[in-house]
Amino acid sequence: MQVSQRLRAAVAFTAMLMAGAGSALAQEPHNWQLSFQTAHSPVQQGIEGLHAMVIWLMAAVTIFVAALLLYCVWRFRASVNPKASRVSHHTALEVAWTVLPVLILVIIAIPSFRLIYFEDRTEAADMTIKVVGHQWYWEYDYPDQGDVKFDSYMIPADDLKPGQLRQLEVDNRVVVPAGKNIRILATSADVIHSFFIPSLGVQRYAIPGRTIETWVKVDQPGVYYGECNQICGTNHSAMPIAVEAMTDKDFATWIAAAKTKFAAGAAPSPIDGERRLAAVENTQR
Ligand SMILES: [Cu+2]
């Protein structure tokens with residue numbers, strides 16, 4: 001490979017990494033993936049936008065500082081400067097290198113704060129879902145949908161059906177209508193968990209004794225996976241999240257069926273607790 005070819009390859013690779021770090025390479029999850037999953041909510045689109053902006057600013061600062069450093073190393077090398085300069089202060093320069101970074105931080109802070117408040121809550125919620133973390137499963141309550149509530153456990157590796165994702169599929173998915181503003185209230189019944197769904201831009205601590213709010217609007221029907229991402233004990237890896245977004249019509253059918261399926265005293269999950277734990281412990285060995 002010639003030098004110019006190598007240089008071109010390096011430039012192309014860097015451009016690819018930076019684009020990936022932005023959002024151009026965002027896609028459905030796959031092995032060896034770099035960068036984000038495809039955004040399926042307004043919040044995640046905002047997160048990707050802010051991320052791309054910060055990456056470009058960071059690249060510009062890094063290139064500028066590296067170039068300055070290289071120039072100084074060359075310009076003030078000992079062979080051409082046998083007697084070192086004794087200049088130690090330059091007021092204008094010092095003001096500039098204090099004020100410029102402050103300005104850069106302000107430029108980052110404004111969209112960053114805007115995004116934080118955007119993620120915080122939705123003004124017009126169409127529906128509320130309460131999420132309760134347990135060691136080690138999630139519980140979902142639909143307080144304004146006839147108080148439907150159920151538990152959601154990971155499917156042990158031995159019970160997976162073809163097409164189901166290991167460590168991500170659950171017995172009862174949390175179902176939401178697509179295109180609607182869903183208020184999410186997260187809390188915990190025991191230790192601190194965290195409710196995290198990357199493609200939907202949802203991440204909230206589930207803390208015992210506290211309720212923390214966020215919201216999601218899933219842009220299209222589909223299944224979106226997440227995980228508890230706060231180390232919460234032995235089976236922390238066994239409490240995935242599977243969100244299924246449906247059309248309004250399908251959601252109405254689902255919630256009507258759920259009222260019977262999850263009625264108090266209804267049959268519990270076919271995967272009983274003992275076997276679930278045994279299966280999980282097997283995968284950890
Ligand atoms: Cu957890």
Heavy atoms only: give me the nearest [X]-[Y] pair and the separation to one decimal.
X: V102; Y: T98; answer: CG2-O, 3.2 Å
X: L200; Y: S41; answer: O-OG, 2.6 Å
X: V43; Y: G201; answer: CG1-O, 3.4 Å
X: S188; Y: A206; answer: CB-O, 3.3 Å

Original post:
Taking only residues two or more places apart in sequence or in another chain, which ones pass ring pair (Phe, Tyr, Trp, His ring centres under 6.0 Å) with F251?
Top reply: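 Per chain and number, F251 pairs via ring pair (Phe, Tyr, Trp, His ring centres under 6.0 Å) with W254.
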**OP:** Sort and list the pairs that fulfil side chain to side chain donor-acceptor pair (under 3.5 Å) and have at least one residue in residues 238-250, not counting sequence neighbours.
**Re:** R173-E244, K180-D248, T247-D250
Original post:
Would you call W32 and H30 a side-chain contact if the rule is heavy atoms closer than 4.5 Å?
Top reply: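 The answer is no, as the side chains (C-beta and beyond) never meet within the 4.5 Å cut-off.
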Subject >> Close side-chain approach of M154 and P240, heavy atoms under 4.5 Å >> reply: yes
Checking [X] side chain against [Y] main chain: does a donor-acceptor pair fall under 3.5 Å?
X: S194; Y: N229; value: no
X: Q135; Y: C232; value: yes
X: Y140; Y: V148; value: no

Subject >> Members besides Y205 in its Ile/Leu/Val/Met/Phe/Trp/Tyr cluster (side-chain heavy atoms under 4.5 Å) >> reply: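 ILVMFWY cluster around Y205 also holds I192, I207, I212.
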[atom1]-[atom2] distance between [X] and [Y], expressed to the nearest 0.5 angstrom:
X: D151; Y: K149; atom1: CG; atom2: NZ; value: 10.0 Å
X: I184; Y: F195; atom1: CD1; atom2: CZ; value: 5.5 Å
X: Q45; Y: T38; atom1: CD; atom2: OG1; value: 10.5 Å
X: Q44; Y: Q203; atom1: CD; atom2: CD; value: 10.0 Å
X: Y137; Y: N172; atom1: OH; atom2: CG; value: 12.5 Å
X: E227; Y: Q167; atom1: CD; atom2: CD; value: 7.5 Å

Original post:
With a 6.0 Å cut-off on ring centres, are W138 and Y153 close enough?
Top reply: no
**OP:** Start with the C-alpha gap between E169 and Y225, add the side-chain angles, then the distance that decides, and say whether side-chain hydrogen bond (donor to acceptor under 3.5 Å, both in side chains) holds.
**Re:** CA-CA 8 Å; E169 199 49 75; Y225 294 97; 2.5 Å; yes
Subject >> side chain to side chain contact (heavy atoms under 4.5 Å, CB included) evaluation trace for Y142 with F262 >> reply: CA-CA 11 Å; Y142 292 67; F262 301 116; over 6 Å; no
Original post:
With the 4.5 Å side-chain cut-off for hydrophobic clustering, are I231 and F196 part of the same group?
Top reply: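 No, no single cluster joins them.
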Original post:
Are I241 and Y224 connected in the hydrophobic side-chain network, where two residues link if heavy atoms are under 4.5 Å apart?
Top reply: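 They do share one cluster, since a chain of ILVMFWY contacts under 4.5 Å joins I241 to Y224.
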Show the atom names and distances, to 0.1 Å, of all donor-acceptor pairs under 3.5 Å that link a side chain in residues 108-130 to residues at least two apart or in another chain.
{"from": "T122", "atom 1": "OG1", "to": "A124", "atom 2": "N", "distance (Å)": "3.4"}
{"from": "D126", "atom 1": "OD2", "to": "N181", "atom 2": "N", "distance (Å)": "2.9"}
{"from": "T128", "atom 1": "OG1", "to": "R183", "atom 2": "NH1", "distance (Å)": "2.9"}

**OP:** With sequence neighbours excluded, tell me which residues meet side chain to side chain donor-acceptor pair (under 3.5 Å) with E139.
**Re:** H134
Subject >> Residue pairs involving residues 58-104 (criterion ring-ring contact (aromatic ring centres under 6.0 Å, His included); sequence neighbours excluded) >> reply: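 Output for this query is empty, none listed.
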